Amino acid sequence: MNSTATAARSDMPPDVVRLVDLIVRPGRHPLTPDPAEDRLAEAAGAASGRVGKDTVTSPGRLRLALGAARRTLPERLLVSVNQEGGRLNALDWPDLAQLPGSLALGAADREDLAERAGAAIARQLRTVGLTWNLAPVVDLASWPAAGAVGTRSFGADPVRVAVLAAAWVRGLQAGGVAATAKHFPGLGGVMADPHHSAPVVERLAPGSLLPFISVARAGAACVMVASHTVLELDDQPALASPRVLTLLREEVGFTGVAVSENLSIPAVHGPLGGAPAAAVAAVAAGVDLVMLDSEVSRGHHDQDARVRAVRQRVTVVEALARAVESGRIPLKRIEEAAGRVLALHRQFGLGPQEALGAWADANRAAGEAAEQIAEASVTALRGQHLLPLAGAGRPVAAVRVPNAGERRADSARHAPDTFPQALGAWRPVVALDSRNPVPDAVETVAVYGYDTAGPGRTSAASAEANRHVAAGRTVVQVAFGNPDELAGSTAHILIAAYSPHPASARAVATTLLHHGRTPGRLPVGQAQ
């Protein structure tokens, strides 16, 4: 540990210093030893404790890097990642099989598929040395979709979300990866995005606690406590509220690690006076582990930004240490928190000699699970009786509507567009975007998009579909993101796929042009 971090605590017992350091993540140990990491440590006074995908550019390289880290760390290696499936996947290298997200599982409404999804993601992660997933989202979905939730949720029905979330957790943890249910006490009904603002709501959506109770009974290792304020519980942000943490322990019955929301986000730490003050408030309230981001990042940060992130961690550790010295945080609270974190390391961390599975096998199994989930979740909101589309052998125009929004927690915006290729397996395809005219000879148009809703949640994809309906064509509109993208559409057929990844594109194409089956059911209430 660097001298700056320890100066304020020189008279504290060494064990206390170690325990305070343990409950702040990312850690301070280098995970990817290289010259850039050495320069960072020299400039900032400590290593970043992170993996940037701009320097670790494949599953094989990540496996090698974390294998080296396993041999040098004092504790069993426990590295966190956001790998939910669907909208948020920190690991998204080419050829990595991505699963549809939780709302697709809600549409399929099959407990066995939810458990298989968790197991498939666990196998991918553990094979490269990652054994702590900051997932699943167990917040309730809404129509229109909330900015921070959307397709990350299993649905709007608390009972079904509880069942599917528990199954997902069982699958993940049976595969040796810790689960983190989020965002307690629930973001259902919170329309503002906590990544960009500090939402305050009067009360919890009905049933919000039920999924958390269910995953706690399923043995979820961690629960992430949110940053929004629920006035019926407290006038403080949830992660800084003793009442909310007591609710988690006593009413929900959760006994694992309570993790804070990402305190490096200004909208999260701002209401509490900055990241160091927020960390102190959270731990004093009952949070066990302070998150300043996951250990796996998208990378591409410049040196100054990386130095600032490391120095922020130093100031957070110092603030927690001073809080123990002053009595603001009792030593017993730190010992309790560190004890839970060490137990997490013992249960899910990797030792230096533990064998990992074969990546190719894990990735193939994930691809097979993705195909089954995608096929089971395709949902027709209108026009199922018109499927499969008539006109065998005639060309179909695939008209893509560009993304309009920008969501912080969304890696799927960069997913490859494979829908025209998938349609081409069954019929000739004219691939266009919405700026190009459709040839007069084409009678059937498939309008599709992922995130096309602009201000006021107006769907550009629906407007495009309506234009082709008015021109007298047969029109299918496909939402590969939030299903409320279909609102206001006059298309003859409306399809919700919930995911932009290749398995979902193939499932929709096969439905439209081959068998016509739509087994999914919309897992969120459609506004009338």
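Keep in mind that this is a model prediction, so the values were computed, not measured. All residue numbers refer to positions in the sequence shown, counting from 1. These values consider heavy atoms only, across backbone and side chains, with no hydrogens, waters or symmetry-generated copies.
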Mind checking the SG-CH2 spacing from C222 to W132? Nearest 0.5 Å is all I need.
-> 5.0 Å

Side-chain heavy-atom pair R506, H501 within 4.5 angstrom cut-off = no

List the steps, then state whether side chain to side chain contact (heavy atoms under 4.5 Å, CB included) holds for L105 with L99.
-> CA-CA 10 Å; L105 291 166; L99 275 74; over 6 Å; no

Would you confirm whether S459, through its side chain, and A487, through its main-chain N or O, come within 3.5 Å as a donor-acceptor pair?
-> no

Does any N or O in the side chain of T246 come within less than 3.5 Å of the main-chain N or O of P242, such that one atom is a donor and the other an acceptor?
-> yes

Test side chain to side chain contact (heavy atoms under 4.5 Å, CB included) on I495 and T379 and set out the steps.
-> CA-CA 6 Å; I495 298 291; T379 304; over 6 Å; no

N262 side chain near V268 side chain, heavy-atom distance below 4.5 Å = no

Answer with yes or no whether the side chains of D417 and Y450 bring together a donor and an acceptor at under 3.5 Å.
-> no

What distance separates S411 OG from D92 CG, expressed to the nearest 0.5 Å?
-> 5.0 Å

Hey, mind stepping through Y498 and S102 against side chain to side chain donor-acceptor pair (under 3.5 Å) and telling me if it holds?
-> CA-CA 9 Å; Y498 313 102; S102 294; over 6 Å; no

Contacts satisfying side-chain hydrogen bond (donor to acceptor under 3.5 Å, both in side chains) that involve residues 222-238 (not counting sequence neighbours) are D234-S241

Shortest non-hydrogen contact from L423 toward A509 | N-CB, 3.7 Å

Pairwise distance NE2(H468) to OG1(T490) - rounded to 0.5 angstrom = 11.0 Å

How about L172 and I121: do any of their side-chain heavy atoms sit closer than 4.5 Å?
-> yes

Determine which pairs satisfy ring-ring contact (aromatic ring centres under 6.0 Å, His included) with at least one residue from residues 88-122, sequence neighbours left out, and list them in order.
-> none

Which heavy-atom pair separates A120 from A369 by the least distance, and what is that distance?
-> CB-CB, 4.1 Å

May I ask you to test the V259-V287 pair for a side-chain heavy-atom distance under 4.5 Å?
-> no

Donor-acceptor under 3.5 Å (Q173 side chain, A179 main chain) | yes

Around atom CD of Q384, are there more than 12 heavy atoms of other residues, nucleotides or ligands at under 6.0 Å?
-> yes

Short question: side chain of R25, backbone of L292 - any donor-acceptor pair under 3.5 Å?
-> no

Crowded around R243 CZ? As in, over 12 foreign heavy atoms under 6.0 Å?
-> no

Please report the C-alpha distance between L247 and L233 in whole Å, then the side-chain angles of each, then the deciding distance to 0.1 Å, and finally whether the side chain to side chain contact (heavy atoms under 4.5 Å, CB included) criterion is met.
-> CA-CA 9 Å; L247 181 70; L233 301 179; 4.2 Å; yes

Would you name the heavy atoms of L494 and S489 that are closest together and state the gap between them?
-> CD2-OG, 3.5 Å

Return the minimal non-hydrogen interatomic distance between A497 and V508, and the atom names on each side.
-> CB-CG2, 3.6 Å

Compare all side-chain heavy atoms of V438 with those of V399 and state whether any distance is below 4.5 angstrom.
-> yes

Taking only residues two or more places apart in sequence, or in another chain, which ones meet F212 in a ring-ring contact (aromatic ring centres under 6.0 Å, His included)?
-> F184

Donor-acceptor contact present, side-chain S208 to main-chain A205, <3.5 Å = yes

Give the intermediate values and the outcome of side chain to side chain contact (heavy atoms under 4.5 Å, CB included) for residues I493 and V475.
-> CA-CA 7 Å; I493 301 166; V475 180; over 6 Å; no

Return the set of residues passing ring-ring contact (aromatic ring centres under 6.0 Å, His included) with W426 (not counting sequence neighbours), or none when no residue passes.
-> H514

Test K182 against D139 for salt bridge (Lys or Arg N to Asp or Glu O under 4.0 Å), laying out the working first.
-> CA-CA 7 Å; K182 56 191 185 184; D139 306 313; over 6 Å; no

Would you confirm whether N482, through its side chain, and D484, through its main-chain N or O, come within 3.5 Å as a donor-acceptor pair?
-> no

Ignoring hydrogens and geometry, is there a side-chain-to-backbone donor-acceptor pair from D451 to N403 under 3.5 Å?
-> no

Among V244, V201, V190, V200, find the one that has a side-chain contact (heavy atoms from CB on, under 4.5 Å) with V230.
-> V201

Could you tell me whether the side chains of D293 and S264 share a donor-acceptor contact shorter than 3.5 Å?
-> no

Test item: Q98 side-chain N/O and L91 main-chain N/O as donor-acceptor pair under 3.5 Å = yes

Can you tell if the side chain of L344 reaches within under 4.5 Å of the side chain of L78, non-hydrogen atoms only?
-> yes

How long is the span from the NE2 atom in H269 to the CG atom in L239, to the nearest 0.5 Å?
-> 12.0 Å

How would you list all residue pairs meeting side-chain hydrogen bond (donor to acceptor under 3.5 Å, both in side chains) that involve residues 147-156, not counting sequence neighbours?
-> E84-R152

For P483 and W143, the nearest pair of non-hydrogen atoms, with its separation, is O-CH2, 3.6 Å

Hey, could you give me each pair passing side-chain hydrogen bond (donor to acceptor under 3.5 Å, both in side chains) that has a residue in residues 279-290? Not counting sequence neighbours.
-> R249-D288, D288-R333, D288-R340

Could you give the distance from CD (Q124) to CH2 (W359), rounded to the nearest 0.5 Å?
-> 4.5 Å

Run the side chain to side chain donor-acceptor pair (under 3.5 Å) check on E295 and S80 step by step: do they pass?
-> CA-CA 5 Å; E295 277 91 1; S80 68; 2.3 Å; yes

State, yes or no, whether a side-chain contact exists between L113 and Q372 at a heavy-atom distance under 4.5 Å.
-> yes

Residues R413, D410; criterion salt bridge (Lys or Arg N to Asp or Glu O under 4.0 Å); working and verdict = CA-CA 6 Å; R413 289 172 57 85; D410 196 337; 5.5 Å; no

Keeping the roles fixed (side chain from N133, backbone from Q83), state whether a donor-acceptor pair exists under 3.5 Å.
-> yes

Closest heavy-atom pair and its distance - A362, T127 = CB-OG1, 3.6 Å

Between the main-chain N or O of G516 and the side-chain N or O of T518, is there a donor-acceptor pair closer than 3.5 Å?
-> no

Flag if over 12 foreign heavy atoms under 6.0 Å of CD, E251 = no

If you round to the nearest 0.5 Å, how far is CG of L134 from CD of E261?
-> 9.5 Å

Does the side chain of R123 reach to within under 4.5 Å of the side chain of D361, using non-hydrogen atoms?
-> yes

Are R170 and E111 within salt-bridge range, i.e. N to O under 4.0 Å?
-> yes

